There are 2 protein chains.
Amino acid sequence: MIEISNAELAVMKVLWHEAPLPAADIVTRLQQTQDWQAKTIKTLLNRLVQKGALSFEQQGRAYLYQPTIAESDYQLHAGQSFVQRLFAGKVTPLVATFAAAEQLSKDDIAELKALVAQLEQEQNDV
Amino acid sequence: MIEISNAELAVMKVLWHEAPLPAADIVTRLQQTQDWQAKTIKTLLNRLVQKGALSFEQQGRAYLYQPTIAESDYQLHAGQSFVQRLFAGKVTPLVATFAAAEQLSKDDIAELKALVAQLEQEQNDV
DNA sequence: CAGTTTAGATTACATGTGTAATCTTTTTGA
DNA sequence: TCAAAAAGATTACACATGTAATCTAAACTG
């Protein structure tokens, strides 16, 4: 799977939110949150195209960029490799680590509970 | 917090499992699983000392290495920054992503359920 | 039409990382 | 005792990444 660096990820997020977009618009949006020169963003676009994470089509003189991979696919891939790296591939210990450090709010716990309930439900349905 | 690269992490794992250890033993253990030259491992040890992730004390001519940070601290830190990066800081969506991709076994779900139950219990106790 | 702006392409450069090899010093075995 | 082994220190080198600047060609502007 394609590796996306931290800086590149910011670019991907813009395009996952809305695509296709010309470079100029991507620059505008990123500059709301990142202190980057337009040139820097062009470099990142280039690298993402080279990596195959973005494709583009010519639109007049400029390009319209769009992701080749869905955000959810990337999230899954990155999540799996992260959990593999540090938690022996199991997500529950990660959650337990957050809990032990009191990083889970009442709401978080409620959401998790609901999710688990739903998963059990699906199990029964099958 | 200290950043630990992938290769360095393998070294840390050995020492989280057992410490302190002399370089020679670390090499032996790592070579069970990694196809690395002893020199490579020495480099990693050096870098980890420079980063402050390991300390050592002289033992005759050799060094005895040991972690300066606990595995659980590193797991929490890395987990938080990962979840921040891709899941807006919330762990539940990560779990949901795993679930949606059918990456959770029946056992995983049972474990999660037990964890959630325990967290609710703790809430009540407080 | 010529100068300026602008799009993308190419080049740059420091730092981190993977993966060692060489150097220096000390110890040890023949 | 003298060469070989071994420990750590230093150096190496390619590729990735952060962060741009420069180059080139097209388009727009006065």
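Everything numeric in this text was worked out from a predicted model, so none of it was measured. We name chains A, B, ... by the order of the sequence lines, and we start the count at 1 in each one.
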| note | Within residues 6-15 of chain B, those residues having any heavy atom closer than 4.0 Å to DNA chain C are B:N6, B:A7
| query | Do A:Q84 and A:Q80 meet the criterion of a side-chain donor-acceptor pair at a distance under 3.5 Å? | reply | no
| How many Å lie between CG on B:L21 and P on D:dA7, as a whole number? | 14 Å
| query | For residues 26-36 of chain B, which residues have at least one heavy atom under 4.0 Å from DNA chain C? | reply | B:D35, B:W36
| Any side-chain heavy atom of A:M12 sitting closer than 4.5 Å to one from A:L54? | yes
| With the sugar-phosphate defined as primed atoms, P, OP1 and OP2, and the base as all remaining atoms, what B/S/- string results for nucleotides 2-16 of chain C, 5' to 3', for protein heavy atoms under 4.0 Å? | ----BSBSB-B----
| query | Rounded to the nearest 0.5 Å, how far does CG of A:D25 lie from CG of A:L30? | reply | 11.0 Å
| SB check A:E120 B:K113 (cutoff 4.0 Å) | yes
| Whether A:F82 and A:F87 hold their rings parallel, tilted or perpendicular, with breakpoints at 30° and 60° | tilted
| said: Any donor-acceptor pair under 3.5 Å linking the side-chain atoms of B:N46 with those of B:Q50? | reply: no
| message | Check B:K90 with A:E111, please: is the shortest side-chain N to carboxylate O separation under 4.0 Å? | response | no
| Side chains of A:F98 and B:V83 in contact at under 4.5 Å (non-hydrogen atoms) | yes
